[in-house]
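Here is how names work: the chains are called A, B, and so on, in the same order as the sequence lines, proteins then strands, and each is numbered from 1.
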Amino acid sequence: MTIYDTMARAARVFAPRVPPRVGLFVCGLTPYADAHVGHGRSFVFFDTVARALRRWGYRVFYVQNVTDLDDKVIARAAETEADPLALSDRHFLAFVRSMHRLGATAVNYYPYATVYVPEIIDQIRELVRRGDAYPTEDGSVYFSVAKYANYGRLSGQKVEALLPGARLEADPRKRAPEDFVIWKAATPGEPEWESPWGPGRPGWHIEDTAITTRLFGPRYDIHGGGIDLIFPHHEAEVALAESATGEAPLVNYWMHAGMLTMRGEKMSKSVGNVSSLDDAIDRFGAPVLRFFYLNSGYRSPLDFDPDRSLAEAREGFERMARPADRVWELLERDGPERTGRALTDGEESEVEAVVERLDETMANDFNTREAIAQLFGWSRRVTEWLPQRNELSGEALEMLYAPYAWAQEVLGFFPPSSTARAGAWAAVVPVVLQARARARARGDYAEADRIRDELKATGVELEDDATGTRWSSPGA
RNA sequence: GCCAAGGUGGCAGAAUGGUUAAUGCGACGGACUGCAGAUCCGUUUCUUGGGGGUUCGAUUCCCUCCCUUGGCUCCA
């Protein structure tokens, strides 16, 4: 399989350092506000990466850090008079709930940065000892960019070119304007930890390297994140970790997910054009949202139009999922032991070829879009089988379902959805349907349509076909 | 100004050094249906941002220009 590596600016064959183990680290969010649709994109993508790697037999240890304390958390907490750590804790838990609703459950461990303060201090101490970082009189510590020769390799930036940059402010405490803070001297009233340089708290970049050095050692396989993090954050991570450990490269494969834009502009809390992730899940459901995200190349920008994007994704997803549902219904009702005809050898190898191709497609730098195109092709094929589906054995039906099972495993679509027709509705709706069937039988279509309309008003949708009436309650 | 990623049909968005450039959405017509829905058939549509080069052949590789977005010490 190949992965596009940002450092190499090319697709490279993937080879873990210690197969079959894979260390995967993805920059998580700073939980000072609710997650938005843009966050969902990259986290769903990396969830899919971990799912695919696991399917292929890799033992993935997926770590996603939580920046539970930084300037924004403190600022937001000050506005609401809340404790900063309690504020980020609350938002993080909400974020994890959203991720679970999205089926993004591949993460093994979400380390809070503040839990790793001892490791952070150790790493800073090592950098200072080596002369790569220096404390200042006020009790902060800065990393000396000039001491790291490869600074700029990941992002393509040159240090000289940074100087005219918009936000580099002259700071008398810094030896060079490009130096960045790794330990921030305490401000009264803010959370602080004791350190050799006085009370303070960690800088952003060093949190991740202290965590990954502790959990993975000086080198690991894959580091992911949004493309907006390449500079300065990931550039700084490389410099810090490689300086502190003396080993390189820190990361073998750098993966960056493209931005989600809102009508052409990056969705972000700073811009203020955010659309709540939970609202999107509420309105369209996790499968539609995952479909929307994965229906594009992960490195390309993806535009989100709240009026159109998810409605369009829903149409597409339903077309793809409908034949899967028809097969699943029978399996759910009769179980895999149901009797009937088996697939022919030719049909079986057809299914196997489809699944094999899906794996090959994903192995090409996680080409989820192409995999989805293939699933559409499979749905067209399954539609041809549907008229005779009642004659098929459970085993045959399971084979027809195999590409969808693949999608469930890797892309996270098609969650087992038996609940949709369960509960109180399951008892009541069939009675109503019988009444409607009698009305239709005697030609009273006005009554039949009235029942259909009234059910629809409660969220229950009906579809008539040759075998009877099917109902569904998407909101259930 | 510097760095990076994008630019493909009405829209979203793939792919490839080589037959008709996917897939989906939308629209239109038809079949089926009591109607609706679903499904099927057909139609609709791109010479792949502009220019130049390499090549027998490029949308794909190279150069250059333009545009959009992201980054340039807050960010998925």
Worksheet item: Could you run down nucleotides 32-39 of chain B 5' to 3' and tag each one B, S or - for protein heavy-atom contact under 4.0 Å?
Response: --BBBBSS
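Toward the 5' end of RNA chain B, the nearer of the two residues A:Tyr4 and A:Gly258, judged by each one's closest nucleotide, is A:Tyr4. Map A:Ser379 and A:Asn295 each onto its nearest nucleotide of RNA chain B; the residue landing nearer the 5' end is A:Asn295.
Evaluation of the salt bridge (Lys or Arg N to Asp or Glu O under 4.0 Å) rule for A:Arg175 yields no partner, not counting sequence neighbours. Residues meeting the side chain to side chain contact (heavy atoms under 4.5 Å, CB included) test with A:Asn108, sequence neighbours left out: A:Arg54, A:Phe61, A:Tyr62. Residues that satisfy the side chain to side chain contact (heavy atoms under 4.5 Å, CB included) test with A:Tyr110, not counting sequence neighbours, are A:Gln64, A:Val66, A:Phe92, A:Phe95, A:Val96, A:Met99, A:Val107. Scored by the side chain to side chain contact (heavy atoms under 4.5 Å, CB included) test, A:Glu350 finds A:Trp378, A:Arg381, A:Trp385 as partners (sequence neighbours excluded). Here A:Ala75 pairs with nothing under the side chain to side chain contact (heavy atoms under 4.5 Å, CB included) rule; sequence neighbours left out. Checked against salt bridge (Lys or Arg N to Asp or Glu O under 4.0 Å), A:Arg290 has the following partners two or more places apart in sequence or in another chain: A:Asp47.
Side-chain polar atoms of A:Asp365 and A:Thr2 form no donor-acceptor pair below 3.5 angstrom.
The distance between atom CE of A:Met362 and atom P of B:A15, rounded to the nearest whole Å, is 13 Å. B:G6 atom C1' lies 15 Å from atom CG of A:Asp228, rounded to whole Å.
Comparing B:C46 with B:G10, their C1' atoms sit 11 Å apart, to the nearest whole Å. Rounded to whole Å, the P atom of B:G52 lies 28 Å from the corresponding atom of B:A12. Taking atom C1' in both B:C67 and B:U48, the straight-line distance is 16 Å, to the nearest Å.
Of the side-chain N and O atoms in A:Arg369, none sit less than 4.0 angstrom from OP1 or OP2 of B:A22. Considering only side-chain N and O atoms, A:Ser309 lies nowhere under 4.0 angstrom from the phosphate OP1 or OP2 of B:C11.
Taking only distance into account, the side chain of A:Lys72 meets the base of B:C74 through a donor-acceptor pair shorter than 3.5 Å.
Nearest to the side-chain atoms of A:Glu312 among the listed nucleotides B:A12, B:U69, B:A76 stands B:A12. Distances were taken from every side-chain heavy atom of A:Phe43 (C-beta onward) to each of B:C3, B:G70, B:A76; the shortest belongs to B:A76.
A:Arg450 has no carboxylate O lying under 4.0 Å from a charged side-chain N of A:Asp453, or vice versa, which leaves the two without a salt bridge. We find that A:Arg436 and A:Asp464 are joined by a salt bridge, their nearest charged nitrogen and carboxylate oxygen being less than 4.0 Å apart. A salt bridge between A:Asp34 and A:Lys269 is absent, with no side-chain N of the basic residue lying under 4.0 Å from a carboxylate O of the acidic one. Taking 4.0 Å as the cut-off between side-chain N and carboxylate O, A:Arg357 and A:Glu360 do not count as a salt-bridged pair.
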Exercise answer: donor-acceptor pairs, residues 306-324 of chain A side-chain atoms, under 3.5 Å, sequence neighbours excluded:
| unit_1 | atom_1 | unit_2 | atom_2 | d |
| --- | --- | --- | --- | --- |
| A:Asp307 | OD2 | A:Arg263 | NH2 | 3.1 |
| A:Ser309 | OG | A:Asp305 | N | 2.7 |
| A:Ser309 | OG | A:Asp305 | O | 3.3 |

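Proximity of residues 60-71 of chain A to RNA chain B (heavy atom under 4.0 angstrom from any strand atom) is not detected for any residue. Contacts between residues 100-114 of chain A and RNA chain B, defined by a heavy-atom separation under 4.0 Å, are absent.
Applying the side-chain hydrogen bond (donor to acceptor under 3.5 Å, both in side chains) definition to pairs two or more places apart or across chains, those involving residues 272-285 of chain A are A:Ser98-A:Asp278, A:Arg101-A:Asp278, A:Arg101-A:Asp282.
Helical stems in RNA chain B, defined as runs of 3 or more consecutive Watson-Crick or G-U wobble pairs with both donor-acceptor distances under 3.5 Å, are listed by first residue as B:1-7 with B:66-72, B:10-12 with B:23-25, B:26-31 with B:39-44, B:49-53 with B:61-65.
For the pairing with A:Tyr4, the side-chain contact (heavy atoms from CB on, under 4.5 Å) check across A:Met255, A:Arg9, A:Arg12 returns one residue only, A:Arg9.
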